[in-house]
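Taking it in order: structure first as structure tokens, then the write-up.
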Amino acid sequence: MGVEPERRFADALAKAREEWAAADAAACAARAGGEWVGGAVRLALFGRPHGVTHPDGEVLAEPDGPVHVAVRILLLHYLLTADGAPPSGVWSAYRELPDGLFYAPSFARRAEEPLARAFAASAAGLDSFRAAGRAAGGDALTLADASFRFTALPRVDVAVLMWAGDDEEPGEARVLFDESAGHYLAAEDLAGLGGQLSHRLIAAARA
């Protein structure tokens with residue numbers, strides 16, 4: 001039997017907070033592309049400013065305040081993992097990232113398949129995807145039938161590619177990461193980031 005989600009989150013958060021309390025916050029901020037100001041690191045998650053306090057590891061979104069525990073863990077992991085590697089400019093499939101092959105089936109179910117169902121069934125779906133991509137702050141790319149690049153975190157770029165289906169082939173969605181993403185988050189955290197982006201795009205289309 002698996003560990004209950006609440007317990008799993010609690011254990012992961014406790015470990016991340018302990019490591020964060022012992023870390024050099026200013027150095028972590030510099031490697032992650034954040035800003036160390038007034039006892040907290042400021043950085044953006046999908047364009048939305050967040051603050052991570054040190055040493056207690058509280059995470060606050062601006063202007064709304066506390067965030068979901070999964071976001072708190074994600075940002076702590078990002079700050080603890082970041083090594084300052086520059087973006088490569090090369091897109092990689094999730095399965096090609098360190099340990100990505102192990103989580104690839106779960107990642108497809110969590111991030112890519114919902115996008116394909118929402119947008120890739122028709123040309124009209126692609127138009128909806130383009131509108132959602134712009135609304136979610138993406139920059140259009142010239143890949144696939146439609147595609148966008150998103151700055152998920154200061155040094156983690158994510159791309160979403162969409163191919164429309166037809167009578168013979170189903171539509172397809174792919175979520176790609178800059179090849180350097182493994183220098184900033186582990187595969188499980190990157191899966192969560194891809195899932196967040198998928199949710200944001202589907203929500204933007206429904207707004």
Just how far is it from atom CZ of Phe148 to atom CG of Leu143, taken to the nearest 0.5 Å?
12.0 Å
d(Phe119 CZ, Trp163 CH2) to nearest 0.5 Å is 15.5 Å
One should read off an interatomic distance between Asp56 CG and Arg17 CZ, to the nearest 0.5 angstrom, of 6.0 Å
Between Leu176 and Val158, is the side chain to side chain contact (heavy atoms under 4.5 Å, CB included) condition met? List the steps.
CA-CA 6 Å; Leu176 308 181; Val158 187; over 6 Å; no
With a 3.5 Å cut-off and sequence neighbours excluded, list the donor-acceptor pairs that the side chains of residues 187-204 form with protein atoms.
residue	atom	partner	partner atom	Å
Asp189	OD1	His77	ND1	3.2
Asp189	OD2	His77	ND1	2.9
Ser198	OG	Ala111	O	3.1

May I ask you to say whether Arg174 pairs ionically with Glu172, meaning some side-chain N is under 4.0 Å from a carboxylate O?
yes
Do Trp91 and Leu161 come close enough that some side-chain heavy atom pair is under 4.5 Å?
no
Value rounded to 0.5 Å, distance of CG in Leu97 from CZ in Phe177:
7.0 Å
Treating Asp178 as the side-chain partner and Pro87 as the backbone partner, does any N or O pair qualify as donor plus acceptor under 3.5 Å?
no
Is any side-chain heavy atom of Val59 less than 4.5 Å from a side-chain heavy atom of Thr53?
no
Keeping Ser88 on the side-chain end and Val90 on the backbone end, is there a donor-acceptor pair under 3.5 Å?
yes
Judged by atom type as modelled, is there a donor-acceptor pair below 3.5 Å linking the side chain of Ser180 to the main-chain atoms of Ala85?
no
Got a sec, which residues hit side chain to side chain contact (heavy atoms under 4.5 Å, CB included) with Pro49, two or more places apart in sequence or on another chain?
Arg42, Glu62
My understanding is that only residues two or more places apart in sequence, or in another chain, count here; which of them pass side-chain hydrogen bond (donor to acceptor under 3.5 Å, both in side chains) with Asp99?
none
Relative to each other, are the rings of His54 and Trp20 parallel, tilted or perpendicular (30° and 60° limits)?
perpendicular
Partners meeting side chain to side chain contact (heavy atoms under 4.5 Å, CB included) with Ala27 (sequence neighbours left out)
Asp24, Arg31
Compare every heavy atom of Ala29 with every heavy atom of Leu79, then report the nearest pair and how far apart it is.
CD2-CA, 4.4 Å
Determine whether Phe9 and Ile73 satisfy the following criterion, side chain to side chain contact (heavy atoms under 4.5 Å, CB included), listing intermediate values before the conclusion.
CA-CA 8 Å; Phe9 280 135; Ile73 293 167; 3.8 Å; yes
When you look at Leu13 and Arg72, which way does the side chain to side chain contact (heavy atoms under 4.5 Å, CB included) test go after all the steps?
CA-CA 8 Å; Leu13 179 59; Arg72 190 173 173 185; 3.7 Å; yes
Working to the nearest 0.5 angstrom, can you tell me the gap between Leu43 CG and Glu35 CD?
10.5 Å
If you measure from the Lys or Arg side-chain nitrogens to the Asp or Glu carboxylate oxygens, is any gap between Arg48 and Asp64 under 4.0 Å?
yes
For the side chain of Tyr78 and the backbone of Ala32, is there at least one donor-acceptor N/O pair under 3.5 Å apart?
yes
Is there a chain of hydrophobic side chains (I, L, V, M, F, W, Y, each step under 4.5 Å between heavy atoms) that links Phe102 to Phe107?
yes
Within the structure provided, determine whether Glu96 and Glu179 are in side-chain contact (heavy-atom separation under 4.5 Å).
no
How far apart are the closest heavy atoms of Val175 and Glu112, and which atoms are they?
N-OE2, 3.0 Å
Hydrophobic cluster membership, Phe46 vs Leu60, 4.5 Å side-chain cutoff:
no
For Leu80 and Ala16, which heavy atoms make the closest approach, and how far apart are they?
CD1-O, 3.7 Å
Do the side chain of Ser147 and the main chain of Val160 share a donor and acceptor less than 3.5 angstrom apart?
no
Hey, are Arg149 and Thr151 close enough side-chain-wise for a donor-acceptor pair under 3.5 Å?
yes
Determine yes or no for a side-chain-to-main-chain donor-acceptor pair under 3.5 angstrom, with Ser122 supplying the side chain and Gly125 the backbone.
yes
Which heavy-atom pair separates Pro154 from Ala44 by the least distance, and what is that distance?
CD-O, 3.5 Å
Donor-acceptor pairs are to be reported for all side-chain atoms of residues 126-138 against protein atoms at under 3.5 Å, with residues two or more places apart or in another chain.
residue	atom	partner	partner atom	Å
Asp127	OD1	Arg130	NH1	2.9
Arg130	NH2	Asp145	O	3.0

Using the test side-chain hydrogen bond (donor to acceptor under 3.5 Å, both in side chains), find all partners of Thr81 that sit at least two apart in sequence or belong to another chain.
none
For His50 against Ala61, the heavy-atom pair lying closest together
NE2-CB, 3.6 Å
Any donor-acceptor pair under 3.5 Å linking the side chain of Arg95 with the backbone of Tyr103?
no
Once rounded to the nearest 0.5 Å, what's the spacing between atom NE2 of His68 and atom CG of Leu74?
12.0 Å
Write down the atom of Gly84, the atom of Arg155, and the distance for their closest heavy-atom approach.
CA-NH1, 3.9 Å
